[in-house]
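What's counted below: heavy atoms across the whole structure, side chains too, no hydrogens, waters or symmetry copies. To find a chain, count down the sequence lines: A is the first, B the second, and so on, and within it residues start at 1.
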Number of protein chains: 2
Amino acid sequence: MTDPFREAQPEKPAPKAVISRVSLYLRQLENLQRFGHKTISSSQLGSLLGINDAQVRKDLAHFGPFGHPGIGYQIEELIPILRGILGIDRVWKTALIGLGNLGRALLRYRGFRGRGFQVIALFDTDPKKIGQTHAGLTVHSLQELPTVAAELGIQLAILTVPAEVAQAVADLAITSGIQGILNFAPAPLNLPETTALVSVDLSTQLEQLAYKVLTAHAGQIPPHE
Amino acid sequence: MTDPFREAQPEKPAPKAVISRVSLYLRQLENLQRFGHKTISSSQLGSLLGINDAQVRKDLAHFGPFGHPGIGYQIEELIPILRGILGIDRVWKTALIGLGNLGRALLRYRGFRGRGFQVIALFDTDPKKIGQTHAGLTVHSLQELPTVAAELGIQLAILTVPAEVAQAVADLAITSGIQGILNFAPAPLNLPETTALVSVDLSTQLEQLAYKVLTAHAGQIPPHE
DNA sequence: TAGATTGTTAATCGATTAACAATC
DNA sequence: TAGATTGTTAATCGATTAACAATC
């Protein structure tokens, strides 16, 4: 019933919360390795990230028995396993759609390239932007998305377009064969089950912060200043 | 036991998940108002956002009985209530720390200003950047944070600095009297209980997307390409 | 009134934590 | 061996959903 040649992957997709912690574990392990550490226990790793030790063990055990009782986890051994689980052990061909301020900033963001996300095509609808060059790439008209995506084999899209057009652009991306969208537009997107979607909603985040400040200092801030 | 003059605020802070949905409700209500709608039921609002109707009612009832049985919620009435709950019915004096690509992009991001978050001071450590002007503001040396923050009454900070220095800069922000931090550095921050923290981790988000694509097309993508 | 919809209780579901035998 | 730490089961906690009397 078990296939020894299969990759370390769960039977069912692990809960979303588990996966976001796996990202944190990986980054922490990479930092530890940089400082010469060889092994780490679940309680050490957890306390660095503010996570319960049982949770660390349970999260990792989801994917296989990677730990060594009495010793902990081998950092060098665990890193490539986690990279494989997350799917960042390969190159992801990515398009950036929308070259406003945020789009241009993300294009230069180093955190992406180092994780295997390679932006290889740019798209916009603004005639003034089409034809411009950013980070060595020429901006295409959005109309060209289907042909360019097919030609280059684009898999992911980073969406930094206005909320009003986000759904239409996402629809076009999907008919162009794109498998996953990282959405920065503050709009709820309706996509088919087969397409992966992660949304990053910056204004919502700031609202969370305002609420937290208000409740942390409950009563100390006048209601309207 | 109940004080009729008190603002619509919960006894205890509502769960984090509730608050992020309240942000979504508010934005959807603002859109509906723009299109002339007057009332909306929990099931209509929920289906626009992919949220269960009972959850919508429960989330809102957390803060008070704002609905009208048989009718739904008055959009015009609910919007200012939600703005008050989130704390975006006022101006938040905000500093931006770190003028790299992401920082400069966020400075121009329209989603912030419209929500009451006003960036009124910029800080960096790079001598080449100090003294520059962005969006009409002069970049201060980070050393000046305590004095400038006190002088201007800065309440929030947006942190777009490298991960290695994030903790030190956050510590300085807190001793400068800043009450809340929106952190974009990919590092876990350790802050006192009294300081509010929201972290936005962009590389983690892309990793979530890669994992989702992988599991959505389980087995259809070769393990290494 | 009849129909619609709320606020809330109870039921369900899922996620986190504690505890501990098994292992090195 | 003794001490440390895993993987996992059971207990706890919290969040979501269903159901429905109360209300307009």
Side-chain angles (χ1 to χ4, degrees), chain A residues 2 8-25 28-29 32 37-78 81-82 85 208 211 215, chain B residues 2 8-25 28-29 32 37-78 81-82 85 208 211 215:
Chain A
T2 41
Q9 289 290 341
E11 310 301 310
K12 312 170 186 180
K16 192 178 137 32
V18 172
I19 296 304
S20 63
R21 285 192 298 268
V22 169
S23 280
L24 300 179
Y25 300 150
Q28 191 63 61
L29 291 169
L32 289 163
H37 291 83
K38 298 297 179 196
T39 67
I40 192 161
S41 70
S42 57
S43 62
Q44 289 174 312
L45 182 56
S47 78
L48 285 167
L49 295 165
I51 294 172
N52 179 286
D53 63 311
Q55 181 143 82
V56 173
R57 291 196 297 281
K58 207 172 203 216
D59 285 346
L60 295 174
H62 238 277
F63 304 97
F66 304 137
H68 304 277
I71 291 156
Y73 298 86
Q74 302 281 156
I75 291 172
E76 199 174 338
E77 187 183 299
L78 194 51
I81 290 172
L82 298 189
I85 289 167
Q208 308 304 299
Y211 176 80
T215 49
Chain B
T2 42
Q9 289 290 342
E11 310 302 309
K12 313 170 186 181
K16 193 180 133 38
V18 172
I19 297 304
S20 63
R21 284 192 298 267
V22 170
S23 280
L24 300 179
Y25 300 150
Q28 190 63 61
L29 291 168
L32 288 164
H37 292 83
K38 297 298 179 198
T39 67
I40 192 161
S41 69
S42 57
S43 63
Q44 289 174 311
L45 182 55
S47 79
L48 284 167
L49 296 165
I51 293 172
N52 179 286
D53 64 311
Q55 181 142 81
V56 173
R57 291 196 298 280
K58 208 173 200 213
D59 285 347
L60 295 175
H62 238 274
F63 303 97
F66 305 136
H68 304 278
I71 291 157
Y73 299 87
Q74 302 281 155
I75 291 172
E76 199 174 338
E77 188 182 297
L78 194 50
I81 291 172
L82 298 190
I85 289 167
Q208 306 305 299
Y211 176 81
T215 50

>> Strictly below 4.0 Å: does B:S42 bring a side-chain N or O up to OP1 or OP2 of C:dT5?
In response: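 For C:dT5, OP1/OP2 do not have a side-chain N/O of B:S42 under 4.0 Å.
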
>> When you measure from the side-chain N and O atoms of B:Y73 to the phosphate of D:dC24, is any distance below 4.0 Å, counting only OP1 and OP2?
In response: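 No, no such contact exists.
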
> Under 4.0 angstrom, heavy atoms only, what part of the nucleic acid is A:S43 near: base, sugar-phosphate, or nothing?
Replying inline: nothing

> Can you name the one residue among B:D53, B:N52, B:L60 that meets side chain to side chain contact (heavy atoms under 4.5 Å, CB included) with B:S42?
Replying inline: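 For B:S42, the side chain to side chain contact (heavy atoms under 4.5 Å, CB included) test succeeds with only one of B:D53, B:N52, B:L60, which is B:D53.
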
> Going by atom types alone, do A:Q44 and A:H37 pair a side-chain donor with an acceptor below 3.5 Å?
Replying inline: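 Result is no, nothing qualifies.
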
>> Using heavy-atom distances to pick each residue's nearest nucleotide on DNA chain D, tell me which of A:K58 and A:P69 is more 5'.
In response: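 Taking each residue's closest nucleotide, the earlier one in sequence belongs to A:P69.
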
Grab the [atom1]-[atom2] distance between [X] and [N] for me, whole Å please.
X	N	atom1	atom2	result
B:F63	C:dT8	CZ	P	14 Å
B:K16	C:dA15	NZ	C1'	15 Å
A:K38	D:dT5	NZ	P	18 Å
B:I40	C:dT5	CD1	C1'	13 Å
B:L60	C:dT8	CG	P	12 Å
B:R57	D:dT23	CZ	P	16 Å
B:Q44	C:dT6	CD	C1'	14 Å
B:D53	C:dA4	CG	C1'	13 Å

> Once you round to the nearest 0.5 Å, how far does CG of A:L48 lie from CG of A:L24?
Replying inline: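 That separation rounds to 11.5 Å.
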
> Whom does C:dT23 pair with, Watson-Crick or G-U wobble, provided both distances fall under 3.5 Å?
Replying inline: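 With both distances under 3.5 Å, C:dT23 matches D:dA4.
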
>> Need the pair for C:dT12. Rule: Watson-Crick or G-U wobble, both distances under 3.5 Å, any strand; none if unpaired.
In response: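 Pairing partner, where one exists within any strand: D:dA15.
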
>> Please determine whether the number of non-hydrogen atoms from other residues, nucleotides or ligands lying under 6.0 Å from atom CD of A:E77 exceeds 12.
In response: yes

> Looking at the side chain of A:I71, which of C:dC24, D:dA15, C:dA19 is the nearest nucleotide?
Replying inline: C:dC24

> Of the nucleotides C:dA18, D:dT16, D:dA15, which one has an atom closest to the side chain of B:Q55?
Replying inline: D:dT16

> DNA chain C: A:N52 or A:H68, which has the more 5' nearest nucleotide?
Replying inline: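 Taking each residue's closest nucleotide, the earlier one in sequence belongs to A:N52.
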
>> Taking the nucleotide of DNA chain C with the nearest heavy atom to each, does B:G70 or A:I51 sit closer to the 5' end?
In response: B:G70

> Tell me, do A:Y73 and A:L29 make a side-chain contact under 4.5 Å, heavy atoms counted?
Replying inline: no

